[in-house]
Colleague: 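Mind looking over this structure? Questions follow.
Residue numbering restarts at 1 for every chain, and letters A, B, ... go by the order of the sequence lines. Keep in mind that what you see is a predicted model, and the values were worked out from it rather than measured. What you see below is based on every heavy atom in this structure, not just the backbone, and it leaves out hydrogens, waters and symmetry mates.
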Amino acid sequence: MSLPRRAVFVAGRGAVTTFGAGAGALSDAVWAGRSGVLPRRRTARCAAPTAVAAEVPDACLPSAPESDRPLLLARRAALEALDEAREPDRAAIGLVLASTKADLSGIVGPGQGWGCPARLARRLAGELGLHGVAGVVSTACASGLVALSLAARRIARGEDERLLVVGVDALSEFILAGFGSLHALDPGPCRPFDVARRGISLGEASGALLLTARAGESIGVTLAGHGGANDACSAILPDDGGEGLALAARRALAAAGLAPHEVDVVHAHGTATLANDRSEALGLAALFGGRTPPVFGTKAQTGHTLGAAGVIETVLAIEALRRREAPANAGLDEPGVDARLDLVRERRTLPRARCALKVAGGFGGIQAAVVLAT
Amino acid sequence: MTRDPAILAVGALDAGGVAGTSGVRGEWAALGIEAPGDARAFRALFRRTDRALRRLDRASRALVVAAEAAGMGALLPRDARDETALVVETARGSLESDLRFARSLAPGPPHGAIFPFTLPSASLGEVAIRHRLRGPAVCLSVDAESAGEALREAARLLEDGDARFAVAGCVEVGEPRVGLPGALRAVVALVAPSRAGLAAVLPWRCGPQAFDELAAFAARGERAGSGAP
């Protein structure tokens, strides 16, 4: 039996992506149908079986060693979220960080980064003058949503008043070659849910969401529920029927006190691998018992930004509620997944925009979902 | 603290050997097997085979063997596995696999079999697969070994009703690096809410050295008793 819990509100948003600095720049580009998956420049010399990636423009970050890139990305997004929240007392805010590999400088060279996000979290909290680190999540591509769950749980329980959730990952040869070694990369721009999809396009980004227990600080959105599950069938591939994803989403909706038919829009994980998109479509169809609400994904535009993905895509799910409109699925010509998935082909008005479901999955069979409500 | 969860079982593994409340107890030297064991060690210790073990990295093998030593398979009811959470903390993350993968980049095509293990959540997945655990799963990156964060997060999940049982663990595997001593250790505890009325094998631990204390308990070789649900 669950104990009564406090509501969790969103107070601030921030993002640094291939579209530049700013959650607004990200949203505007996504709704305009632009793609930031472009010929590789910064990582052009990295050996990988793809010509493209979604790199953050150099102009967004001060000149610094490569090892500081995750910190600089994270800091910029965090500052934007704090700014939107009108700079609450930072000494009373804790940090929850999500990252898959953080700083790899000690792994690939003489640096001090050992691919462990805890060190990055400590540095970021120190630079921002935050109260401290409340948690550091490294749960592969589901890290962002799992971090939001962890933070929401702590606030709901009364352990924290405000938590800044930051997701970040930077592109490197290690990452590009890694996904290349799994034959998971599309040589060109990825096409999530398309019949001709060939794999993912990688990206780098940071995203930040300031969560608060105080309704007066809200931008009009609550993190109404969250849930998690494990496929328990493969450490790499999702389960065939999307059962783990459906289970996580069902748990998030139950926590929010909502039924599936009350979901107005879904932001999908949509990595563009054959297995993920097929499994995700089946899982969502099972969750909704047939035709789904409008579904959109944005990795054809932002690239798959790994530990940042869950946070920046939650920013976009919130934006869909605020604009009362779902953006089109970029790169989608001919759907190649279960037809019950209502994939948005052109920007679509949401007659009722009160509830958005965001889902994600990652290596280790991890599935996560959050429910946003206005 | 009547709301403290109950620890139902513990398994632990280090460079010397493996022990747990399943009653298993073995030293690698005596077994003639290098830690953290392989498929042959698994068969010798647990009287059954796990052929997939040989393709795992050492962190995953360590976590899988520690979970087995705890005796989770016998203790966890089948109908509870969909609602059993899995929370693991690590200070080193996947350092060993990271270094192996980085080394594989230099001479030629990178090694696809290594890369999945450069994500620390892969080891959680291997435990989840073997015990069909389908509850929420979290991998926490921590500053120091034995931080106990995984136990605290598991307790939150249980108290909030988001899981009926929780498997909380830590895993540290890595060769010595600057500022990091070499390590080989995994500790796994099966935890349930106190309201479930199950007998604990030892009092709730979630202090700063919680996993050290759990490992010491496992090493004493006490078996799980009437705590079995």
Colleague: For the candidates B/Leu124, B/Val88, B/Thr90, B/Leu157, which exhibits the highest count of non-hydrogen atom pairs separated by less than 4.5 Å from chain A?
Modeller: B/Leu157
Colleague: Could you tell me whether the side chain of B/Thr21 and the main chain of B/Ala9 form a donor-acceptor pair under 3.5 Å?
Modeller: no
Colleague: If only atom types and distance count, is the side chain of A/Arg40 paired as donor or acceptor with the main-chain N or O of A/Thr50 below 3.5 Å?
Modeller: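 Checking the backbone N and O of A/Thr50 against the side chain of A/Arg40, a donor-acceptor pair under 3.5 Å is found.
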Colleague: Below 4.5 Å, heavy-atom pairs only: which of B/Gly112, B/Gly125, B/Pro193, B/Ala52 has the largest tally toward chain A?
Modeller: B/Gly112
Colleague: Is any residue of residues 135-143 of chain A within less than 4.5 Å of chain B by heavy atoms, and which ones?
Modeller: A/Val136, A/Val137, A/Ser138, A/Thr139, A/Ala140
Colleague: Classify the ring geometry of B/Phe115 against B/Phe101: parallel below 30°, tilted from 30° to 60°, perpendicular beyond 60°.
Modeller: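 Judged by the thresholds at 30° and 60°, the geometry between B/Phe115 and B/Phe101 is tilted.
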Colleague: Counting only heavy atoms closer than 4.5 Å, note whether B/Val142 contacts chain A via side chain, backbone, both or neither.
Modeller: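 Contact with chain A: backbone only.
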Colleague: Please tell me whether A/Gln367 and A/Asp231 have a donor and an acceptor in their side chains that are separated by less than 3.5 angstrom.
Modeller: yes
Colleague: Is it true that the side chains of A/Ser172 and A/Lys101 contain a donor and an acceptor less than 3.5 Å apart?
Modeller: no
Colleague: Any donor and acceptor pair, going by atom type alone, linking the side chain of B/Glu96 with main-chain N or O of B/Val173 inside 3.5 Å?
Modeller: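 No, the answer is negative, given that no donor and acceptor are paired below the 3.5 Å cut-off.
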Colleague: Does B/Arg156 pair with B/Glu159 as a salt bridge, N-O distance under 4.0 Å?
Modeller: no
Colleague: Within the 3.5 Å criterion, strictly below it, is a donor on A/Asp169 or A/Thr100 matched to an acceptor on the partner's side chain?
Modeller: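 The criterion, which ignores hydrogens and geometry beyond distance, is satisfied for A/Thr100 and A/Asp169.
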Colleague: Looking at A/Ser99 and A/Pro117, what are the two nearest heavy atoms and their distance?
Modeller: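 Taking A/Ser99 first and A/Pro117 second, the nearest heavy atoms are O-CG, 3.5 Å.
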Colleague: If you count heavy-atom pairs within less than 4.5 Å of chain A, which of B/Ala128, B/Cys139, B/Gly93 leads?
Modeller: B/Cys139
Colleague: Tell me, out of A/Gly115, A/Ala248, A/Cys116, who's got the most heavy-atom pairs with chain B below 4.5 Å.
Modeller: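 Winner by heavy-atom pair count: A/Cys116.
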Colleague: In terms of heavy-atom pairs under 4.5 Å with chain B, which of A/Ala255, A/Ser234, A/Ala121, A/Ala147 leads?
Modeller: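 Max contact count across the listed options: A/Ser234.
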Colleague: With respect to chain B, which residue among A/Glu173, A/Glu243, A/Arg119, A/Arg251 yields the maximal number of heavy-atom pairs within a distance under 4.5 Å?
Modeller: A/Arg251
Colleague: What are the residues of residues 80-87 of chain B, in order of number, with any heavy atom under 4.5 angstrom from a heavy atom of chain A?
Modeller: B/Asp82, B/Glu83
Colleague: Does B/Asp143 CG have over 12 foreign heavy atoms under 6.0 Å away?
Modeller: yes
Colleague: At a heavy-atom distance under 4.5 Å, which candidate from A/Ala232, A/Gly228, A/Gly364 has the highest pair count against chain B?
Modeller: A/Ala232
Colleague: Is the closest side-chain donor-acceptor distance between B/Asp57 and B/Ser60 under 3.5 Å?
Modeller: yes
Colleague: Which atoms of B/Leu140 are under 4.5 Å from chain A, going by heavy atoms: the side chain, the backbone, both sets, or neither?
Modeller: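 Contact with chain A: backbone and side chain both.
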Colleague: Examine whether an atom of A/Glu159 lies under 4.5 Å from a heavy atom of chain B, and if so say whether it belongs to the side chain, the backbone or both; otherwise answer neither.
Modeller: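 Looking at A/Glu159, just its side chain touches chain B.
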Colleague: For B/Thr118, is it the side chain, the backbone, both or neither that has a heavy atom under 4.5 Å from a heavy atom of chain A?
Modeller: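 Both backbone and side chain.
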Colleague: Say whether, by atom type as modelled, one donor and one acceptor occur between the side chain of A/Ser181 and the main chain of A/Gly178 under 3.5 angstrom.
Modeller: yes
Colleague: Please give me the minimum heavy-atom distance between B/Leu151 and B/Cys206, naming the atom from each residue.
Modeller: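 For B/Leu151 and B/Cys206, the tightest heavy-atom pair comes out as CB-CB, 4.4 Å.
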Colleague: Is A/Arg153 reaching over with its side chain to a backbone N or O of A/Leu148, donor-acceptor style, under 3.5 angstrom?
Modeller: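 No: the side chain of A/Arg153 does not pair with the backbone of A/Leu148.
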Colleague: Would you say A/His304's side chain and A/Leu306's backbone share a donor-acceptor pair under 3.5 angstrom?
Modeller: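 At least one qualifying donor-acceptor pair exists.
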Colleague: So which of A/Leu182, A/Val133, A/Val108 has the largest heavy-atom pair count under 4.5 angstrom toward chain B?
Modeller: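 Answer, by heavy-atom pair count under 4.5 Å with chain B: A/Leu182.
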